[in-house]
Amino acid sequence: MGPIALAAGAVAVGGVAVAVPRARRQLDERAAPMAGLVAAFVFAAQMLNFPVAGGTSGHLLGGALAAILVGPYAGLLAVAIVLLVQALVFADGGLTALGVNVTTMALVTVVVAYPLFRLLVRTLPVSRASVTAAAFVSALVSVPASALAFVLLFAVGGAVDIPLGTFTAAMGGVHVLIGIGEGLITAAAVAAVVAVRPDLVYGARGLDLRAAAPLRGGEAAGAA
């Protein structure tokens, strides 16, 4: 698995190197504070596991949520930083697995979730409900995609002792269930932000969600 860890590390470093200059352009005065909040939320949420069928458990990956809220490049960096801190401070996964974790949990989830989210919000009617639904679907799909990337790495490294089809089916099935949890958490977080400050949702920029936003107290009183 050593060569695969090195190869995944190179992919992770390359992804981060591409993201850094582009993230600077995404992190304006609105997105920069949000990026810090997103990283903190993902860090805390990844520490909490929720039960899945068969005695397994899962936790938030956060790539979809980060990409939707602060943009794909800044989102990738936010999740990568979370994984780095977990590896250094809590020995969660360890440094040898950091490249694999960043590749599968940050890079793959962002690359899958953000384009899918943008496709859905452009296709569905413009509304807060549509943004929430798009966040749910994109987050759900990103989790089994991450699992399949992990399976591919293990298959290439020859570390799978059971038939590849069986391993793929098992990983895919469990991670679809984990993806439902990821989708629910992501949708709830995005819906909460859209309800009060739709302009802070990077992935929804360009959509006119102002009419769907609730009236503030002063505006409601003035209208009365």
Side-chain angles (χ1 to χ4, degrees), residues 1 4-5 7-9 11-12 15 19 38 41-43 45-69 72 75-76 78-80 82-83 86 92-93 97-121 123-124 130-191 203:
M1 191 60 185
I4 296 302
V11 172
V38 167
F41 178 80
V42 171
F43 180 85
Q46 284 195 2
M47 304 297 285
L48 303 175
N49 286 5
F50 50 84
V52 185
T56 59
S57 62
H59 62 75
L60 181 78
L61 300 185
L65 175 62
I68 292 168
L69 290 181
L76 190 159
V79 178
V82 167
L83 295 172
Q86 289 180 347
D92 188 357
L98 183 60
V100 173
N101 287 339
V102 171
T103 297
T104 58
M105 297 172 63
L107 184 58
V108 171
T109 55
V110 168
V111 167
V112 170
Y114 189 75
L116 178 57
F117 176 81
R118 290 296 298 169
L119 174 64
L120 290 173
V121 295
T123 304
L124 297 171
S130 295
V131 171
T132 302
F136 173 80
V137 172
S138 59
L140 189 161
V141 172
S142 73
V143 176
S146 174
L148 291 178
F150 182 82
V151 169
L152 178 61
L153 290 175
F154 262 58
V156 172
V160 181
D161 297 326
I162 61 176
L164 182 59
T166 302
F167 183 54
T168 302
M171 287 288 288
V174 168
H175 282 82
V176 166
L177 297 177
I178 295 174
I180 294 174
E182 178 101 9
L184 291 172
I185 295 170
T186 301
V190 171

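The structure displayed is predicted, hence computed values, not measured ones. Below, each value reflects all heavy atoms present in this structure, side chains not excepted, and no hydrogens, waters or symmetry copies.
- Closest heavy-atom contact between Gly62 and Val42: CA-CG2, 4.1 Å.
- Residues satisfying the ring pair (Phe, Tyr, Trp, His ring centres under 6.0 Å) criterion with Phe43, sequence neighbours excluded, are Phe90.
- Taking each heavy atom of Ala19 and Leu76 in turn, the nearest pair found is CB-CD2, 4.4 Å.
- The nearest pair of heavy atoms linking Ala134 to Leu120 is CB-CB, 3.7 Å.
- Here the CG-CD1 distance, from Leu60 to Ile178, works out to 11.0 Å after rounding to the nearest 0.5 Å.
- In this structure, Thr103 contributes its side chain and Ala8 its backbone to a donor-acceptor pair below 3.5 Å.
- Under a 3.5 Å cut-off, the side chain of Ser138 and the backbone N or O of Tyr114 do not form any donor-acceptor pair.
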(request) In sequence, state the C-alpha distance, the side-chain angles, and the governing distance for Val131 and Phe117, and then conclude on side chain to side chain contact (heavy atoms under 4.5 Å, CB included). (result) CA-CA 8 Å; Val131 171; Phe117 176 81; 3.9 Å; yes
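- Here the straight-line distance linking atom NE2 of His175 with atom CD1 of Ile180 works out to 13.0 Å at 0.5 Å rounding.
- Closest of all the heavy-atom pairs between Pro72 and Val110 is O-CG1, 3.4 Å.
- Annotation: side chain of Val176 is not in contact with side chain of Val143 (no heavy-atom distance under 4.5 Å).
- Remark: Phe136 pairs with Leu140, Leu184, Ala187 by the side-chain contact (heavy atoms from CB on, under 4.5 Å) rule, at least two apart or across chains.
- Shown here are the side chain to side chain donor-acceptor pair (under 3.5 Å) partners of Thr132, two or more places apart in sequence or in another chain: there are none.
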(message) Please evaluate residues Leu83 and Gln46 with respect to the criterion side chain to side chain contact (heavy atoms under 4.5 Å, CB included), reporting the C-alpha separation (whole Å), side-chain torsions for both, the decisive distance (0.1 Å), and the verdict.
(response) CA-CA 9 Å; Leu83 295 172; Gln46 284 195 2; 3.8 Å; yes
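- Side-chain contact between Val79 and Thr109: absent, with no pair of heavy atoms (C-beta onward) separated by less than 4.5 Å.
- Proximity of Phe150 to Val108: side-chain heavy atoms (C-beta onward) are nowhere separated by under 4.5 Å.
- Contact between Ala145 and Val112 at its shortest, heavy atoms only, is CB-CG2, 3.8 Å.
- The shortest side-chain heavy-atom distance between Leu152 and Leu148 does not fall under the 4.5 Å cut-off.
- For Ser142 (side chain) and Ala139 (main-chain N/O), a donor-acceptor pair under 3.5 Å exists by modelled atom type.
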